[in-house]
Amino acid sequence: MLSRRRFLLTSALAAGAGAVPTGFAAEKKWPDAVDDLRDWGAVRRQFDLDPRYIHLSLFFMASHPRPVREAIESYRQQLEANPLETIERLVFGGPEDYIPTKVCNAIASYIGGSADDIALTQNTTTGLAVIYQGLPLKPGDEILTTTHDHFVHHEAIRLAAERSGATWRKVPLFDAYGAISTEELVERLRKAIRPETRVVGVTWVHSSSGLKLPIRRMADALEVVNRGRAPERRVFFAVDGVHGLGVEEPDIVAMGMDAFSAGTHKWIFGPRGTGFVWARPEVWSVMRPIMPSTSSAELFFAWASERPPEPPARATWFSPGGFQAFEHYWAVPEAFELHQAIGPRRITERIHELNAQMREGLAKMPHVILYTPRSKELSAGMVCFDVNGMTSQQVVWRLVERHRILATTTPYAVPYARVAFGIQNTPEEVETTLAAIRAMA
Ligand SMILES: Cc1ncc(COP(=O)(O)O)c(C=O)c1O
């Protein structure tokens with residue numbers, strides 16, 4: 001058994017080192033049976049959403065679209081029928097069956113870059129921990145972040161700082177929502193960097209306000225800082241990208257960061273409990289894994305022959321290992337394929353159009369304070385606001401109780417009301433939501 005497993009593992013892990021699989025187990029009913037995805041109504045019908053509601057919080061947790069549901073169901077049935085052989089074939093089998101490669105290929109074909117530079121995680125949070133705990137930090141180093149990031153991002157930084165002896169600092173990138181400019185965002189970040197700063201961590205689209213940061217411009221500014229530094233003192237640029245992925249144009253690697261973490265269970269509508277980290281190979285090579293991976297042949301054989309793993313460290317060393325919710329993981333490619341089939345550019349345009357319609361409508365209401373910038377350059381798929389005389393929670397309750405509109409409050413120290421229009425929504429739903437908020441005057 002051991003030698004068979006060992007043999008199986010060898011071929012599977014070799015596949016993880018870059019081979020392209022040729023066959024997969026999910027019986028594909030899609031795309032043959034798919035509707036004409038040029039029609040947004042057909043896109044909406046991919047989801048089993050309760051039609052009695054207007055769903056404006058799908059960025060929070062994905063509803064699985066039909067291709068994803070069907071792939072999950074197909075894998076689930078195989079696992080129920082024969083867990084051992086299904087896993088041996090798809091996880092420990094030959095390169096042609098090895099699904100993690102297919103998953104990384106699907107992600108890479110969407111974000112750009114190489115599938116070899118992708119570690120698979122369970123969500124954005126795990127990915128942020130992989131990045132910050134993995135970076136080579138020591139006492140005297142500093143992690144610089146902003147006051148606008150999510151709780152889990154700051155926690156990942158706090159825990160990594162505590163363990164490494166590094167310090168961390170938060171800076172605001174703007175003073176008032178009404179007066180945010182790209183130049184100011186970049187300049188504030190650049191000026192906050194100190195000689196001891198070794199990592200800069202930001203969030204592509206703030207779930208606190210809907211503000212989208214100019215990541216490419218920030219990466220350029222960091223590049224200039226790094227030109228004046230010795231390689232071992234360079235500043236790493238880490239991005240929580242979860243609310244840009246699947247909204248903005250997909251050439252993510254081209255934005256120039258060093259490491260990027262996102263869940264695939266929000267705007268990409270991938271299976272719940274899936275995500276990834278992409279990092280440059282030279283960044284993976286200086287990082288340290290924080291937990292055992294079962295995706296790397298080198299790690300396994302180093303253990304089996306009682307020797308240290310042969311550097312350099314690479315992405316497969318960082319995928320948190322052990323058995324997973326496999327039927328979810330294996331269905332990740334279907335989510336990316338659906339995005340590609342609809343057309344990433346069309347998706348970006350549609351999401352921007354709907355959310356701009358919402359922002360413009362709110363901006364005309366004297367009883368509403370709009371926090372999300374109105375320009376396309378500084379916004380993405382979310383709109384955050386307050387209604388005078390009501391708490392954000394009261395606004396959200398009123399929307400659901402009187403109008404069956406599903407909005408959220410932002411989970412930050414100062415919460416706002418938040419709506420997010422995605423590819424399932426319509427211009428009519430924007431108007432209905434605006435009318436509901438108008439009625440709160
Ligand atoms: C900006 C941001 N980062 C991270 C997360 C956590 O995401 P996940 O559940 O994929 O870990 C959230 C949650 O919505 C978020 O808004």
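Sequential numbering from 1 along the given sequence is applied to the chain's residues. Start at 1 and go down the list; that is how both ligands and their atoms are numbered.
Remark: ligand 1 and Ser207 share an N or O pair separated by less than 3.5 Å (distance only, no angle test).
Taking 4.0 Å as the cut-off, His265 counts as a neighbour of ligand 1 on heavy-atom distance.
The nearest non-hydrogen atom to atom 15 (C) of ligand 1, considering only His150, His153, Met382, comes from His150. Remark: among candidates Leu128, Thr408, Asp240, Thr410, the nearest residue to atom 4 (C) of ligand 1 is Asp240, based on non-hydrogen atoms.
A cation-pi arrangement is present between Arg346 and Trp40 under the rule of less than 6.0 angstrom and at most 45 degrees off the ring axis.
For His328 and Tyr75, the distance between ring centers is not under 6.0 angstrom. For His64 and Phe47, the ring centers are positioned 6.0 Å apart or more.
Only the side chain of Lys266 comes within 4.0 Å of ligand 1, counting heavy atoms alone; its backbone N, CA, C and O stay farther away. Using a 4.0 Å cut-off between heavy atoms, Thr125 contacts ligand 1 through both its backbone and its side chain. By the criterion of a heavy-atom distance under 4.0 Å, the side chain of Val242, and not its backbone, is placed next to ligand 1. Residue-level proximity to ligand 1 for Val152 is carried by the side chain, the only part with a heavy atom below 4.0 angstrom.
Looking only at protein heavy atoms, the nearest one to atom 7 (O) of ligand 1 is Thr124 OG1, 3.2 Å.
Comment: Arg198 does not engage Glu142 in a salt bridge, judged by the lack of any side-chain N to carboxylate O separation of less than 4.0 angstrom.
Side-chain atoms of His148 and Tyr412 include no donor-acceptor pair closer than 3.5 Å.
Ring geometry for Tyr177 versus Phe174: interplanar angle of 30 to 60°, hence tilted.
When the shell of 6.0 Å around CZ of Arg163 is examined, it contains 12 or fewer heavy atoms from other residues, nucleotides or ligands.
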